[in-house]
Amino acid sequence: MFKRSIRNKLIVLLLLITIIPFGSSIIVTYLYTKESLKDQSIQENVNLLYQGKVNIDNYLRELNNFTLSFYSNPDLMNYLRKSYGSNDYLSMGVVNNVLRALLYSDENINKVYMSIVGDQQIVSSSRQSTIIYSEQVDINMEAYQKAKDNPNNLYIESNNLSNMFTIHRAFRNVPANHILAYLSLEIKPDKINELSHYLYNDKEEEFYIATPEGHFIYDSSSDLLVHDYPKWMNKLLESTEQSGTFEWKDSTFQGVVVFDRLSDASGSWILVKRIPFTTLYESAYGVAIINIIFGVIGLTLVILATFFVSFNITSPIRVLLQNIKQVEKGKMQVQFQSLGNDEIGVLGHRFKLMIEKINHLINREYKLELENKTNQLKVLHSQINPHFLYNTLQSIGTMALKSKVPEIYSSLTDLSQIMRYSMNMDEDVVPLAKEINYTKSYLLLQKQRFGDDLHYILDVQEDALDVKVPKMILQPIIENYFKHGFDIREGVGELKIKCRKKDSHLFIAIRDNGIGVSEQRLKEIHDHLHAEQNNSKTDSNIGLKNVYARLKLYYSNQALFKLQNRNSGGFLVTMRLPLEMEGGIHESDHR
């Protein structure tokens, strides 16, 4: 049933051609938006990280420049070259002033100390104490060696326990290029922390600053400073790229890692930002949810429109199909008023007209059959044995000829033809020629009866003789004249029958010279013709009623049957009959 149903096929088709493109559009839009917003977010973070790198790099360069100011102090450089010792109070004052000035050059410098190679002593100064001289100098310590080996004579050391970092600078004697001293600045991380806070969202992202060895200077999660660096840091340390991005997925993190490196002059620190996919796709999820909401609304409207269209199209078809099934069962009644004004509505209207026409034809056939049966009964009542009557009339005619009375023979011959024509029940529709011959025999008998008191004219167009008409439609009208108009005429009784074929109709006119009928009587005759049933079996106008009823059965409303008084006296009966009966098939054609 599903495969044969137009409604189901239409619903499936409309849903397919709407949901598939619409759903595909939502999916493609989501994927494209997701990737586009992801790339945009990554690029924004790359730019932000670069800006942070510039700020931190400038800060470290600024601190580095404080140490370079030693080269512009000749007294300090002479002290380092000659190594006067701790007893040279004048030189010691120079050193003290330089270290104290350097200590207070930035609020984040916590301690300054200088390891003098020549005197094998350390001079230190902090905000908590004055200048301290010590002779415990280890010029081979790892930090000093890294500063010495660095092309920029610089090494930045991190201290995970104190969260501070130290800038170590090696001072060389120019142009001899040997090491004079090592200057170290212990820096509090406040400024670095302040700059770092602008580079990430602490609720959704992670941010780290690490040294080239993998030690963390800054950790947004505050749980890595005292631990070994994680596995994702290995990838950064192995990479030779200055900046870039890569995806990382493990049990603790799934997202994108963005990194950038400071210059060698700033310690080659690595700035790392980890962004989860949920953060990257958050905007895409918002756009996707909006698209999905509108998509669901759109799909709902599409589905509703699909059902509305399919039901509007198929409901009239189903109504039409139900009525067709009723017709197949023999119930010839249409059970709908209108199916609309479209093509289906026109089809329904034509179907109604067809059923009405079929009902009319069925009623017509039924009434014709009933009329024929009635006529047959009337004939059966009037005949005992037609062949016996024919043989008897033939015997009487033979006797008339032997008695030399040809008029009697002629009258009997006409009467025999009339009886044979009227008693032949095998045909209900005959050519006009047969009807005219029958009428001529009837008039000849009347002529024998009335002699010179009767004059009749048969004016029939020759090409009208082949037109088929209902049997015996002229004789009842002519007989009506002899019953009601012939005896009260003035002068010779005149009767004229005229038949003409014009366009698509046959015109028949029967007129006489009687005195006609009164207007009241004419109205009564008219009402009688249009009555559903005869009011009396002995009605004097039963012949006219019979003709009118048969014309209506054969031609429906296409035939004209008109009764009127003539201006010059007498009565006129006019008939206008279509050349083809209703349906284009004559009744006799299917008997």
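Values in this document were obtained by computation on a predicted structure and should not be read as measured data. Starting from 1, each residue takes its place in the sequence as its number.
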Going by heavy atoms in the side chains, are [X] and [Y] under 4.5 Å from each other?
X      : Y      : answer
Glu519 : Leu522 : yes
His528 : Glu524 : no
Leu49  : Phe207 : yes
Tyr50  : Ser243 : no
Leu443 : Leu458 : yes
Asn47  : Gln51  : no
Ile477 : Phe561 : yes

Reported [atom1]-to-[atom2] distance for the pair [X] and [Y], which is rounded to 0.5 angstrom:
X      : Y      : atom1 : atom2 : value
Ile275 : Lys38  : CD1   : NZ    : 10.5 Å
Ile497 : Ile508 : CD1   : CD1   : 9.5 Å
Met575 : Ile473 : CE    : CD1   : 4.5 Å
Ile510 : Thr439 : CD1   : OG1   : 7.5 Å
Arg576 : His505 : CZ    : NE2   : 4.5 Å

Passes ring-ring contact (aromatic ring centres under 6.0 Å, His included), His530 versus Tyr548? Steps please. CA-CA 9 Å; His530 291 83; Tyr548 176 76; 5.0 Å; yes
So, does Glu435 use its side chain to make a donor-acceptor pair with the main chain of Met472 at under 3.5 Å? yes
Please confirm whether the backbone N or O of Glu205 pairs with a side-chain atom of Lys273, one donor and one acceptor, at under 3.5 Å? no
Please walk me through it: do Phe253 and Trp248 pass side-chain contact (heavy atoms from CB on, under 4.5 Å)? CA-CA 7 Å; Phe253 175 81; Trp248 185 265; 4.1 Å; yes
Above 12 or not: heavy atoms from other molecules or residues under 6.0 Å from [atom1] of [X]?
X      : atom1 : value
Asn567 : CG    : no
Asp527 : CG    : yes
Phe246 : CZ    : yes
Lys440 : NZ    : no
Phe450 : CZ    : yes
His526 : NE2   : no

Looking only at heavy atoms, which two atoms of Thr574 and Leu572 are closest? And how far apart? OG1-CG, 3.7 Å
Aromatic rings Phe482 and Phe486: how do their planes relate, parallel, tilted or perpendicular, breaks at 30° and 60°? tilted
Short N-O contact, Arg500 and Asp459, less than 4.0 angstrom: yes
Determine, step by step, whether Asp512 and Tyr456 satisfy the side chain to side chain donor-acceptor pair (under 3.5 Å) criterion, reporting the C-alpha distance in whole Å, the side-chain angles of both residues, the deciding distance to 0.1 Å, and the verdict. CA-CA 9 Å; Asp512 59 51; Tyr456 66 88; over 6 Å; no
